[in-house]
Each structure stands twice: as structure tokens, then as C-alpha cells.
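These notes are about the structure you will find just below.
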Amino acid sequence: QVQLVESGGGLVQPGGSLRLSCVASGSIFITYNMGWYRQAPGKQRELVATITNGESTMYADSVKGRFTISRDAAKNTVYLQMNSLAPDDTAVYYCNAYVRQYSYSGPRNNYWGQGTQVTVSS
């Protein structure tokens, strides 16, 4: 199996910064796309940012210029640097990874972390 474990969430004042981390572990042969999604109370889960294994990135319009996604392939880790945080950024943030297991012919699946709470409030 594959596990994703997020860390780095917390309470921050408006204008502040946080850095989220997500480590993927288990029966991983190749990690393709990794990304961050978020879900605010009463809203659907939405994409925040994604990064390919070639390090191409994509961002939601609402976070462009404020958030930066990066990855350390050797550590199977993806990061989300969040700056200029606003109350609208309050949500549970979920890590996502598209993974091939075991070998070149192994199965490919999409995995999610358990989520980490980010609260932006004064």
C-alpha cells in the first residue's frame, strides 16, 4: 500500500505564511503527479496546485502569486509554501499523489492523505 502523511498546518494570522509538507511512502515504484487540494466547510474539495515528475506546475487562480508548490523526488515529498494567507484560505488541505506501485508493469492508483487543517484568523 501507499501512505501520504501531511504536516505543517495550523493557525496563522492574515498576511502570514505556512509551509505544508507531504511524504509518500510504501510500495512506490514511480510517483507521477503530486498535488494539494483543499476543502472549506460547506464547500467542495478544490484543486490548489499540482506538480508533475518533470516539475511542471499548475495553480488555482485564487492562489497564483501567493502559493508555491515544489517537490523532492528523492524523498517522495511535496511541499506547499503559502504566503500572504487570507481568511478565505481556511480549509483542510489534502495531499494527492498518482503512483505506480512495485515495477514498470505495476498498478497505477491515486492516493490521498488524511488532511491538515489550515486556519487563517486574527
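- Heavy-atom minimum distance, Val92 versus Gly115: CG1-CA, 3.8 Å.
- Contact record, Glu6 with Cys95: OE2-N, 2.8 Å, taken as the closest heavy-atom pair.
- Distance OG1/Thr77 to CE/Met34: 7.0 Å, rounded to 0.5 Å.
- The nearest pair of heavy atoms linking Ser17 to Ser84 is OG-N, 4.4 Å.
- Among pairs with a residue in residues 42-77, none fulfils ring-ring contact (aromatic ring centres under 6.0 Å, His included), at least two apart in sequence or across chains.
- The shortest side-chain heavy-atom distance between Tyr102 and Pro107 falls under the 4.5 Å cut-off.
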side-chain contact (heavy atoms from CB on, under 4.5 Å) assessment of Val48 paired with Met82: CA-CA 11 Å; Val48 176; Met82 304 185 293; over 6 Å; no
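- With sequence neighbours left out, Val12 forms a side chain to side chain contact (heavy atoms under 4.5 Å, CB included) with Leu18, Leu85, Val120.
- Listed by chain and number, the hydrophobic cluster partners of Ile28 are Val2, Leu4, Val99, Tyr111, where partners are ILVMFWY side chains within reach of under 4.5 Å, directly or through others.
- Under the 4.5 Å side-chain heavy-atom criterion for grouping Ile, Leu, Val, Met, Phe, Trp and Tyr, Val63 is connected to Val78 within one hydrophobic cluster.
- Residue pairs meeting the ring-ring contact (aromatic ring centres under 6.0 Å, His included) criterion with at least one partner in residues 13-50, sequence neighbours excluded, are Phe29-Tyr104, Tyr32-Tyr98, Tyr37-Trp112.
- Put simply, CG on Leu11 and CD on Gln117 are 9.5 Å apart, with the number rounded to the nearest 0.5 Å.
- Between Lys75 atom NZ and Ser25 atom OG the span is 14.5 Å, to the nearest 0.5 Å.
- Taking both residues in full, the closest heavy atoms of Pro14 and Ser122 are given as CD-N, 3.7 Å, listed atom of the first, atom of the second, then distance.
- The salt bridge (charged side-chain N to carboxylate O under 4.0 Å, His left out) contacts involving residues 26-38 comprise Arg38-Glu46, Arg38-Asp89, where partners must be two or more places apart or lie in separate chains.
- No side-chain heavy atom of Tyr79 sits less than 4.5 Å from a side-chain heavy atom of Thr68.
- Contact between Thr31 and Ala97 at its shortest, heavy atoms only, is CG2-CB, 4.4 Å.
- In terms of modelled atom types and a separation under 3.5 Å, the side chain of Arg100 and the main chain of Ile30 share no donor-acceptor contact.
- The shortest heavy-atom contact between Gly9 and Val118 is CA-CG2, 4.2 Å.
- Residues satisfying the side chain to side chain contact (heavy atoms under 4.5 Å, CB included) test with Glu55, not counting sequence neighbours, are Ile51, Arg71.
- Looking at Ser27, its side chain does come within 3.5 Å of a backbone N or O of Gln1 through a donor-acceptor pair.
- No donor-acceptor contact under 3.5 angstrom links the side chains of Ser121 and Thr119, judged on distance only.
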